[in-house]
Amino acid sequence: MGPDPRSATAPSNGTDSATQTTARPNYGGVWLSRYEFYSSGRDATYTGAHYVVIVQNGDRLTGKSLPGASSNANSPLSLDLTVNGNVITGTWVEETAADGYYAGAVYHGAIQLLVEPTGRRMAGKWVGFGKEFDVNTGPWELVFKDASVSKETVERYSRPPE
């Protein structure tokens, strides 16, 4: 069995340095999350958008939408993701607004994204159950906005995405 590719050090390549550190991409910061879904009850496709703060701990990413930062008011989103190279896999949960079309229903499912070489955009698909107990899927992307999670930055993005 070879070295663990997730390890923080790489084997020596014969240079003077005994070890080399492997840079792990840092995905922490504010991201714009956008996904599309089909509403069978309204016979239309909609886009959900949130500004989310992503916190990275090793190969784990945790995302939470900022207060007031949803295109659907009072519908917070959370993400629990794992990084494996340029593949991001995990789960999502969205609590719909109590006074909205989905009347406070909580939806959840799986998500898989590919990170673009710049590390500033992730794009892929979500899968989850629907209102009529069917399984739905659609596109999802995360677009990097700011590495800072300072109070000022969080306040700037605590608004509905345009």
Side-chain angles (χ1 to χ4, degrees), residues 1-13 17-37 47-97 102 104-130 135-161:
M1 206 174 201
D4 184 345
R6 297 169 295 174
S7 132
T9 59
S12 174
N13 64 0
S17 174
T19 61
Q20 298 174 350
T21 56
T22 301
R24 180 189 310 260
N26 183 359
Y27 299 114
V30 178
W31 292 72
L32 172 60
S33 168
R34 272 194 302 246
Y35 62 89
E36 290 182 5
F37 65 98
T47 298
H50 300 79
Y51 286 115
V52 297
V53 168
I54 292 185
V55 175
Q56 183 166 356
N57 185 6
D59 65 351
R60 300 293 307 267
L61 306 177
T62 303
K64 300 264 185 218
S65 60
L66 293 168
S70 170
S71 58
N72 302 310
N74 301 316
S75 295
L77 172 72
S78 60
L79 302 167
D80 185 15
L81 308 169
T82 301
V83 179
N84 185 356
N86 69 332
V87 179
I88 309 287
T89 304
T91 59
W92 59 271
V93 177
E94 185 171 5
E95 302 172 35
T96 64
Y102 294 102
V106 177
Y107 290 97
H108 55 89
I111 182 172
Q112 191 160 54
L113 306 164
L114 296 176
V115 181
E116 290 186 350
T118 63
R120 298 301 191 225
R121 182 173 178 270
M122 305 175 192
K125 300 279 187 181
W126 63 269
V127 63
F129 66 92
V135 176
N136 298 314
T137 188
W140 196 316
E141 73 171 353
L142 292 170
V143 179
F144 180 78
K145 293 297 178 181
D146 202 311
S148 173
V149 292
S150 70
K151 182 179 179 187
E152 294 79 16
T153 303
V154 167
E155 286 174 356
R156 188 167 65 248
Y157 287 100
S158 291
R159 60 177 171 76

Side-chain touch [X]/[Y], heavy atoms, less than 4.5 angstrom:
{"X": "Ile54", "Y": "Leu142", "result": "yes"}
{"X": "Asp59", "Y": "Asn84", "result": "no"}
{"X": "Asp80", "Y": "Arg60", "result": "yes"}
{"X": "Val83", "Y": "Pro25", "result": "no"}
{"X": "Leu77", "Y": "Val52", "result": "yes"}
{"X": "Asp146", "Y": "Arg156", "result": "yes"}
{"X": "Leu114", "Y": "Val87", "result": "yes"}

Do you see a donor-acceptor pair shorter than 3.5 Å between the side chains of Tyr35 and Glu94?
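Note: Tyr35 and Glu94 side chains meet the donor-acceptor criterion.
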
Look only at the side chain of Ser158 and the backbone of Ala69, and say whether a donor-acceptor pair between them is shorter than 3.5 Å.
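Between the backbone of Ala69 and the side chain of Ser158 there is no qualifying donor-acceptor contact (under 3.5 Å).
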
For the pair Asn57 and Thr62, evaluate side chain to side chain contact (heavy atoms under 4.5 Å, CB included) and give the outcome as yes or no after the intermediate values.
CA-CA 8 Å; Asn57 185 6; Thr62 303; over 6 Å; no

Give me the atom names and distance for the closest heavy-atom approach of [X] to [Y].
{"X": "Phe129", "Y": "Asn136", "answer": "C-ND2, 4.1 Å"}
{"X": "Gly29", "Y": "Val149", "answer": "CA-CG1, 3.9 Å"}
{"X": "Ser75", "Y": "Ala97", "answer": "OG-N, 3.1 Å"}
{"X": "Arg34", "Y": "Ala49", "answer": "CG-CB, 3.8 Å"}
{"X": "Ser65", "Y": "Pro76", "answer": "OG-CA, 3.4 Å"}

For the [atom1] atom of [X] and the [atom2] atom of [Y], what is their distance to the nearest 0.5 Å?
{"X": "Tyr27", "Y": "Arg120", "atom1": "OH", "atom2": "CZ", "answer": "9.5 Å"}
{"X": "Ser70", "Y": "Glu95", "atom1": "OG", "atom2": "CD", "answer": "11.5 Å"}
{"X": "Leu81", "Y": "Gln56", "atom1": "CG", "atom2": "CD", "answer": "10.5 Å"}
{"X": "Leu61", "Y": "Thr82", "atom1": "CG", "atom2": "OG1", "answer": "7.5 Å"}
{"X": "Glu36", "Y": "Trp126", "atom1": "CD", "atom2": "CH2", "answer": "10.5 Å"}
{"X": "Trp31", "Y": "Lys145", "atom1": "CH2", "atom2": "NZ", "answer": "10.5 Å"}

Asn72 vs Thr96, test: side chain to side chain contact (heavy atoms under 4.5 Å, CB included). Steps then yes/no.
CA-CA 8 Å; Asn72 302 310; Thr96 64; over 6 Å; no

Let me see the working for Val115 and Met122 under side chain to side chain contact (heavy atoms under 4.5 Å, CB included), right down to the final yes or no.
CA-CA 4 Å; Val115 181; Met122 305 175 192; 4.0 Å; yes

According to the side-chain hydrogen bond (donor to acceptor under 3.5 Å, both in side chains) rule, which pairs have a member within residues 109-118, sequence neighbours left out?
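As it turns out, the side-chain hydrogen bond (donor to acceptor under 3.5 Å, both in side chains) pairs with a partner in residues 109-118, which skip direct neighbours, are Thr89-Gln112, Glu116-Arg121.
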
What about the rings of Tyr107 and Phe37, do their centers lie closer together than 6.0 Å?
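No, ring centres 6.0 Å or more apart.
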
Within 6.0 angstrom of Asn26 CG, more than 12 heavy atoms from elsewhere:
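Enclosed.
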
Could you name each residue pair satisfying ring pair (Phe, Tyr, Trp, His ring centres under 6.0 Å) that touches residues 48-71, not counting sequence neighbours?
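Sorted result for residues 48-71: Tyr51-Tyr157.
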
